[in-house]
Amino acid sequence: MVTQNVDNLHERAGSENLLHMHGELLKMRCLNSQLIFDIAEDFNFDTECRCCRSPGNLRPHIVWFGEMPLQMNKINQALESCDIFVAIGTSGNVYPASGFYQTAKIRRAHTVELNIESTSSGFDEHIVGNASEIVPTYFESLLQVY
């Protein structure tokens with residue numbers, strides 16, 4: 001599963017194998033080694049890095065505006081090999097995520113938009129409503145087919 005969310009709500013709900021394309025709020029990254037650490041407490045410019053032992057080398061593990069989203073190779077591999085692509089609760093305006101359905105569709109995946117309103121994009125299927133209602137219903141019906 002790919003998420004643009006930077007919180008840990010998917011993990012708290014039991015989701016596994018997540019690709020956080022915009023990073024994670026509860027992690028920090030060393031600028032030298034690119035190693036990622038869980039955040040146990042607040043950190044700042046003076047915090048010593050665990051791996052290089054230097055202060056000033058840590059940053060939030062978040063993608064800032066203008067930076068390339070994380071894990072794009074893995075995301076593209078998943079898009080190119082999926083049979084069904086489902087986008088849930090998106091504006092459909094933020095690139096590159098707004099083009100994910102097109103990548104999946106080119107590879108003949110069935111594309112579905114579950115959203116509070118239709119984005120008028122080229123998904124094969126649009127289901128409009130509150131996520132708390134339409135997501136469980138959609139996946140229940142999908143499990144009956146497969």
Side-chain angles (χ1 to χ4, degrees), residues 1-136 138-139 142 146:
M1 177 187 329
V2 177
T3 183
Q4 296 182 80
N5 296 347
V6 295
D7 56 33
N8 67 345
L9 294 180
H10 283 293
E11 287 86 354
R12 289 172 50 196
S15 298
E16 298 176 2
N17 302 317
L18 288 168
L19 299 175
H20 283 270
M21 66 182 289
H22 291 147
E24 299 176 72
L25 279 176
L26 299 178
K27 297 192 182 220
M28 60 187 162
R29 178 170 71 230
C30 175
L31 294 172
N32 289 335
S33 68
Q34 299 302 310
L35 290 175
I36 300 165
F37 306 100
D38 290 333
I39 295 175
E41 56 192 42
D42 289 343
F43 70 99
N44 60 37
F45 189 78
D46 296 323
T47 303
E48 185 178 286
C49 178
R50 294 181 211 170
C51 63
C52 67
R53 301 289 181 222
S54 296
N57 288 337
L58 294 171
R59 66 165 278 179
H61 185 53
I62 296 293
V63 174
W64 304 123
F65 288 105
E67 293 180 332
M68 178 62 77
L70 305 170
Q71 306 189 67
M72 288 304 296
N73 287 337
K74 287 182 181 180
I75 292 169
N76 281 319
Q77 289 172 356
L79 291 168
E80 291 173 356
S81 64
C82 70
D83 296 319
I84 299 172
F85 174 82
V86 180
I88 302 171
T90 181
S91 67
N93 294 320
V94 179
Y95 185 83
S98 62
F100 286 176
Y101 83 93
Q102 294 167 322
T103 302
K105 196 170 186 169
I106 288 169
R107 298 295 184 147
R108 306 219 186 278
H110 181 73
T111 59
V112 182
E113 174 187 43
L114 305 178
N115 213 354
I116 192 77
E117 58 188 31
S118 177
T119 60
S120 302
S121 56
F123 284 87
D124 297 317
E125 195 176 345
H126 302 268
I127 300 172
V128 176
N130 290 324
S132 60
E133 298 167 9
I134 63 174
V135 171
Y138 176 77
F139 282 98
L142 186 65
Y146 292 93

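Remember, it's a predicted structure, so these values are computed and weren't measured experimentally. Sequence positions, counted from 1, serve as the residue numbers for this chain.
For K74, there are no salt bridge (Lys or Arg N to Asp or Glu O under 4.0 Å) partners at least two apart in sequence or on another chain. Applying the salt bridge (Lys or Arg N to Asp or Glu O under 4.0 Å) criterion to D124, with sequence neighbours excluded, gives K105.
For the pair E48/F43, no side-chain contact is recorded, criterion being any heavy-atom separation below 4.5 Å from C-beta on. Side-chain contact between L25 and N8 is absent, with no heavy atoms from C-beta onward closer than 4.5 Å. Residues L19 and T3 are not in side-chain contact: their nearest non-hydrogen atoms beyond the backbone lie 4.5 Å or more apart. Proximity of P55 to F45: side-chain heavy atoms (C-beta onward) are nowhere separated by under 4.5 Å. Side-chain atoms of E125 and Y138, non-hydrogen and from C-beta on, do get closer than 4.5 Å to each other. Side chains of C49 and C30 form a contact here, defined as non-hydrogen atoms less than 4.5 Å apart. Using a 4.5 Å cut-off on side-chain heavy atoms (C-beta onward), V128 and I116 make no contact. Taking 4.5 Å as the limit, some side-chain heavy atom of F139 sits within range of a side-chain heavy atom of V86.
Expressed to the nearest 0.5 Å, how far CG of L31 lies from OG of S54 amounts to 11.0 Å. A distance of 11.5 Å separates SG in C82 from NE2 in H110, rounded to the nearest 0.5 Å. Rounding to the nearest 0.5 Å gives a distance of 7.0 Å between CD of Q102 and CD1 of I106. Note that NZ of K27 and CZ of R59 are 15.0 Å apart. Values are rounded to the nearest 0.5 Å. Note that the CG atom of N32 and the SG atom of C51 stand 7.0 Å from one another [nearest 0.5 Å].
Side-chain N or O atoms of N5 include none that pairs as donor or acceptor with a backbone N or O of D7 at under 3.5 Å. The closest donor-acceptor contact from the side chain of E80 to the backbone of Q77 lies at 3.5 Å or more, if one exists at all. One N or O on the side chain of N115 and one on the backbone of T90 form a donor-acceptor pair closer than 3.5 Å. A donor-acceptor pair under 3.5 Å is formed between the side chain of N44 and the backbone N or O of D46.
M28 pairs with exactly one of L58, T47, I62, N57 by the side chain to side chain contact (heavy atoms under 4.5 Å, CB included) rule, that one being L58. With H20 as the partner, the side chain to side chain donor-acceptor pair (under 3.5 Å) test is satisfied by one option alone out of Q4, Q71, E11, H10: E11. When each of H22, E24, R29 is checked for a side chain to side chain donor-acceptor pair (under 3.5 Å) with H61, only R29 meets the rule.
The aromatic rings of F85 and F123 lie parallel to each other, with less than 30° between the two planes, well short of the 60° mark.
V2 and F100 get closest at one heavy-atom pair: CG1-CE1, 4.1 Å.
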(request) Run the numbers on L70 and V63 for side chain to side chain contact (heavy atoms under 4.5 Å, CB included), then give the verdict. (result) CA-CA 7 Å; L70 305 170; V63 174; 3.7 Å; yes
(request) Determine, step by step, whether L114 and V112 satisfy the side chain to side chain contact (heavy atoms under 4.5 Å, CB included) criterion, reporting the C-alpha distance in whole Å, the side-chain angles of both residues, the deciding distance to 0.1 Å, and the verdict. (result) CA-CA 6 Å; L114 305 178; V112 182; 3.8 Å; yes
(request) Let me see the working for E113 and H126 under side-chain hydrogen bond (donor to acceptor under 3.5 Å, both in side chains), right down to the final yes or no. (result) CA-CA 5 Å; E113 174 187 43; H126 302 268; 2.5 Å; yes
(request) Start with the C-alpha distance between N93 and S98, add both sets of side-chain angles, then the distance that settles side chain to side chain contact (heavy atoms under 4.5 Å, CB included), and finish with yes or no. (result) CA-CA 6 Å; N93 294 320; S98 62; 5.9 Å; no
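Counting non-hydrogen atoms of neighbouring residues, nucleotides and ligands closer than 6.0 angstrom, the CD atom of Q34 exceeds 12 such neighbours.
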